[in-house]
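First up is the structure itself, then whatever we jot down about it.
Every chain is numbered from 1 and lettered A, B, ... according to where its sequence line falls, protein lines coming before strand lines.
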Amino acid sequence: MQHNLYLYNSLTRQKEKFEAISSPFVGLYVCGPTVYSNVHLGNSRTFMTFDVLFRYLKYLGYKVRYVRNITDVGHITTEFDEGVDRIGAQAKLEMLEPMEVVQKYTVYFHWVMEMFNNLPPSIEPTATGHIIEQIEMVKKILDAGFAYEINGSVYFDVRAYLEKHKYGELSGRNVEELFENTRDLDGQDEKKFFADFALWKNASAEHIMRWPSPWGEGFPGWHLECSAMSTKYLGEVFDIHGGGMDLKFPHHESEVAQNTAACGHGPVRYWLHANMLTVNGQKMSKSLGNSFLPHELFSGDHPVLTKGYSPMVVRFFMMQAHYRSPLDFSNEAIQAAAKGYKRLMTAIALIDQLKPSATSGFDVKEFTEKCHSAMDDDLNTPILISHLFDGVRVINSCAEGKLPLTENDINLLSKVFHSFVFDIIGLRKETATEDQSQLVLSLMEFILKLRREAKENKDYAASDKIRNELAEMNIIIKDSKDGTDWKYETN
RNA sequence: GGUCCUGUGGCCGAGCGGCUAGGCUCAGCUCUGCAAAAGCUGCUACAGCGGUUCGAAUCCGCUCGGGACCUCCA
């Protein structure tokens, strides 16, 4: 595969050239949502980030198997005391069957992914659909001597693991230091060591979600599903694993340990972590009350929001920041993004109307290469977008007859813009279901004729009235030398 | 308290040793009946203090500020 893609690998803390294990195939695993509540905007940012990676790898010609799980059991709120399963807890709260909870929030999740134009993953496995695989993995880890059973639960034995392997490499953590900083180690815990984590939890009498296992009825630990499912669908070693930064520890660290314990080696070549979305400088989170849901952002129906924004404006807004930087949400910032997005889309629509010249005043090849190298540099979408706006200026100048472009260059420019804007960044046109029926076209022609006549008679009150009234119907009038254009716009 | 990241102009946000990021905002000009759009020009930057270097927003140290993680988190 001919390319020059570099990705920042959390494991080595540096950018590395991406080399697929068995090109042209690439295995990509991304930690999906725990479907006990609606995904919020911060979650969406992570999935958008890896959607761009998925898209770019495909653009480069790779055959990507993109696996993104749905966590529908095992995500425990606290591992001390009883261990409350998030799905189970929410089921009680809403008085629903756990699988109703799962279904409800999975449907919302899929809707949001579609609204943001994220491509569906190749496989979207659920934890409950892979109980057998998880039990098998627990057995393997037990057999290897890196886990122990107690009261029907099985825990990963971090101290035993530390004798042969490192724990904490990915997140840069030192277990001894963790120990020093963890207070209140009460003796109530069944774990032998504070850093041990559950592979399999015994289900108490009232626990709804339960499966038979060699250790009695129970349910799998959260970290285990990713290990089991990534191994099943991508193999013992695969190319890329992604997720939000807040999953680095303990989730991903434990995943590495489980795989290493079961197979003798780490599972992943490149670990990628997306940074957080903040609101007023603080991580978006439910407990802080600063999180809002995608549909609230679309409608503007939330105290934090001054108005609604379309999904593509939101996506564009996210793409203007690098995925490894925190991104702060504010009304002002997204307002600015909305205008930028419109400017970009308007220019793209203009490309096909450009009139070719015999010569070109712009180097389209060089432009294309710049766009490529931006993406090659660890998916630097903000730089890519800055280049695209250089292209926007070129398109607009050409449209005004101030800059010549050959027919070949125009075609090339059109191709490049479509590739990067639609295929790679994953924006899509948000045409406001424009009614192109003959009736509408005739009526508009008639209205514009009335306005032209008013203008010719210098009856500007009338012409302005027509323009203003149309604007209220979201029909935007633009006068130019050649006449008057109109278009229907939303937002 | 520990580990790590970060501090750029009115706002957002790249850059990571020398070369205009870009978007939005604001001002002027061109176009225009006026708008809008577009083009051109301009306006404010690299938290502070030291150090390394011919040269630092970029490397090092300290100070101050912000954030993430340290078994809920995308």
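Aromatic stacking is not marked for A:F389 over B:G23, as the cut-offs of 5.5 Å for the centres and 30° for the planes do not both hold.
Note on A:K455: a base of the nucleic acid sits closer than 4.0 angstrom, heavy atoms only.
Side-chain to base pairing of A:R467 with B:C34: one donor and one acceptor N or O lie within less than 3.5 Å of each other. For A:K283 and B:C73, a side-chain-to-base donor-acceptor distance below 3.5 Å is present, hydrogens and geometry of angles not being considered. The base of B:G22 is not paired with the side chain of A:D390 by any donor and acceptor separated by under 3.5 Å.
Checking A:V392 against A:K370, the closest nucleotide of RNA chain B that is more toward the 5' end is the one next to A:K370. Comparing A:K339 and A:D479 along RNA chain B, the residue whose closest nucleotide (by nearest heavy atom) sits nearer the 5' end is A:K339.
By the 30° and 60° cut-offs, the orientation of the rings of A:W271 relative to A:H273 is parallel. Ring pair A:F292/A:H302 is tilted by interplanar angle, where 30° to 60° counts as tilted. Classification of the A:F156-A:F146 ring pair by plane angle, with boundaries at 30° and 60°, yields parallel.
The partner of B:C69, taking Watson-Crick or G-U wobble pairs whose two distances both stay under 3.5 Å, is B:G2. Nucleotide B:C29 is matched to B:G39 when pairs are restricted to Watson-Crick or G-U wobble geometry with both distances under 3.5 angstrom. Nucleotide B:U44 forms no Watson-Crick or G-U wobble pair with any nucleotide shown, as no partner meets the under 3.5 Å limit on both distances.
Within the structure, every side-chain polar atom (N or O) of A:R324 is placed at least 4.0 Å from both OP1 and OP2 of B:U6. Distances shorter than 4.0 Å separate some side-chain N or O of A:R343 from OP1 or OP2 on B:A38. Close to B:C12, at under 4.0 Å from its OP1 or OP2, lies no side-chain N or O of A:N331. For A:R393 and B:A37, the shortest distance from a side-chain N or O to OP1 or OP2 is not below 4.0 Å.
Here, B:C46 and B:G7 have their C1' atoms 10 Å apart, quoted to the whole Å.
For the pair A:R68 (side chain) and A:P121 (backbone), a donor-acceptor distance under 3.5 Å is absent.
Centroid-to-centroid, the aromatic rings of A:Y66 and A:F50 stay 6.0 Å apart or farther.
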